[in-house]
Amino acid sequence: DAMVIQNPRYQVTQFGKPVTLSCSQTLNHNVMYWYQQKSSQAPKLLFHYYDKDFNNEADTPDNFQSRRPNTSFCFLDIRSPGLGDAAMYLCATSRDRTTNEKLFFGSGTQLSVL
Amino acid sequence: AQKITQTQPGMFVQEKEAVTLDCTYDTSDQSYGLFWYKQPSSGEMIFLIYQGSYDEQNATEGRYSLNFQKARKSTNLVISASQLGDSAMYFCASNSGYSTLTFGKGTMLLVSP
């Protein structure tokens, strides 16, 4: 089945040690998103790619970066994780950015920072 | 910018009963989309139902339906015949124009036998 796949499901890193989360999709969607969701909170958009065009949210810390080497893959890089970056990270895709396009989500990566 | 308000942190319902989850939104755009997602404890966000701002009829998808009141800027989710598997977090979300999806804080639904 076509889907959005996130690896790993759980990731543990050390304070200040760079970490990369990965997302792949078989839907051939143009748009890929990264959301951060802390416990009992709403998902918060970090950034998204519309094809190769990178769109950063204004309040996303510089510590967070992203790469999209091709249509299928997108990576979230956290350069120096802090304790406050422990969260669920959700990858999502959509065909386009119009109002009727639903997002398809992966299962998420739960990041712990020790 | 979109603002989504879900005023019910938690809701309880008995199996086989219907439940309504509230959502109001704030936008100055004429064209927008309204979505509901379900997030079980496993973490994945599952799309449930969509309502467009120009849709004249309330959306329905199986046991899910929306009570869309455009003048009041509300889009309440109705789940009929609740099942134990419906226990989850429910998020209301909206987008408009080329803006990305904004989520509310969610409502935790617990279905009891």
Side-chain angles (χ1 to χ4, degrees), chain A residues 1 3-11 21 23 27 29-51 53-60 87-112, chain B residues 1-10 23 25 27-55 59 61 64 66 68 70 75 88-109:
Chain A
D1 288 341
M3 57 191 347
V4 182
I5 303 166
Q6 288 188 247
N7 286 305
R9 182 70 178 89
Y10 299 94
Q11 176 75 55
L21 309 182
C23 177
L27 297 160
H29 282 174
N30 285 320
V31 195
M32 294 189 78
Y33 309 80
W34 280 104
Y35 282 85
Q36 179 194 62
Q37 186 181 23
K38 296 187 176 180
S39 183
S40 302
Q41 294 186 21
K44 179 181 178 298
L45 182 65
L46 295 173
F47 26 59
H48 74 278
Y49 275 94
Y50 183 73
D51 195 11
D53 183 29
F54 178 70
N55 298 268
N56 199 27
E57 293 301 296
D59 56 355
T60 298
M88 172 75 86
Y89 290 88
L90 294 164
C91 174
T93 72
S94 65
R95 284 185 307 178
D96 209 324
R97 290 184 301 191
T98 52
T99 55
N100 62 342
E101 289 291 342
K102 67 182 181 184
L103 269 60
F104 293 78
F105 283 84
S107 298
T109 294
Q110 184 68 50
L111 178 68
S112 299
Chain B
Q2 304 277 318
K3 183 179 178 182
I4 306 295
T5 302
Q6 295 181 255
T7 57
Q8 305 155 314
C23 174
Y25 57 93
T27 180
S28 56
D29 294 312
Q30 296 300 309
S31 176
Y32 50 88
L34 299 162
F35 301 78
W36 280 88
Y37 282 85
K38 171 184 177 181
Q39 188 177 41
S41 56
S42 58
E44 183 181 359
M45 297 282 279
I46 302 166
F47 168 77
L48 294 178
I49 193 167
Y50 164 82
Q51 180 88 44
S53 58
Y54 292 117
D55 293 342
E61 288 284 352
Y64 305 109
L66 293 182
F68 178 47
K70 194 170 182 177
T75 177
M89 197 74 168
Y90 288 80
F91 288 97
C92 178
S94 178
N95 62 6
S96 65
Y98 289 106
S99 71
T100 50
L101 207 59
T102 300
F103 287 84
K105 291 186 176 181
T107 296
M108 174 63 77
L109 176 67

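In what follows, chains carry the letters A, B, and so on, assigned in the order in which the sequence lines appear, proteins first and then strands, with residues in each chain numbered from 1.
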Point to revise | Considering all heavy atoms, the nearest B:F35-A:N100 contact | key: CZ-C, 4.3 Å
Study note, to complete from the structure: Given A:R9, A:Q6, A:E57, the one with more heavy-atom pairs under 4.5 angstrom with chain B than any other is A:R9
**Study point:** B:L101 side chain reached by A:Y35 side chain, heavy atoms, under 4.5 Å
**Key:** yes
Practice item. Check whether any side-chain heavy atom of A:L103 lies under 4.5 Å from a side-chain heavy atom of B:M45, and answer yes or no. Key: no
Review point. What closest approach, in Å, do A:M88 and B:S42 show between heavy atoms, and which atom pair accounts for it?
Key: CE-O, 4.5 Å
Review point. Where do A:A42 and B:G104 come nearest, in terms of heavy atoms and distance?
Key: CB-O, 2.9 Å
Practice item. Please lay out, stage by stage, how B:Y50 and A:K102 fare under the test side chain to side chain contact (heavy atoms under 4.5 Å, CB included). Key: CA-CA 8 Å; B:Y50 164 82; A:K102 67 182 181 184; over 6 Å; no
Check your understanding: By a 4.5 Å heavy-atom criterion (distance strictly below it), what part of B:Q39 contacts chain A: side chain, backbone, both, or neither?
Key -> side chain
Practice item. Under the side chain to side chain contact (heavy atoms under 4.5 Å, CB included) rule, collect the residues that match up with A:N55, sequence neighbours excluded. Key: A:H48, A:Y50, A:D53, A:R97
**Study point:** Over 12 non-hydrogen atoms of neighbours within 6.0 angstrom of NZ in B:K105
**Key:** no
**Study point:** Least distance between heavy atoms, B:N95 atom then A:T98 atom
**Key:** ND2-O, 3.7 Å
**Study point:** Partner residues of A:K38 under the side chain to side chain contact (heavy atoms under 4.5 Å, CB included) criterion, sequence neighbours left out
**Key:** A:Q36, A:Q41, A:A87
Review point. Which answer fits B:Y32, side chain, backbone, both or neither, if we ask what part of it has an atom under 4.5 Å from a heavy atom of chain A?
Key: backbone
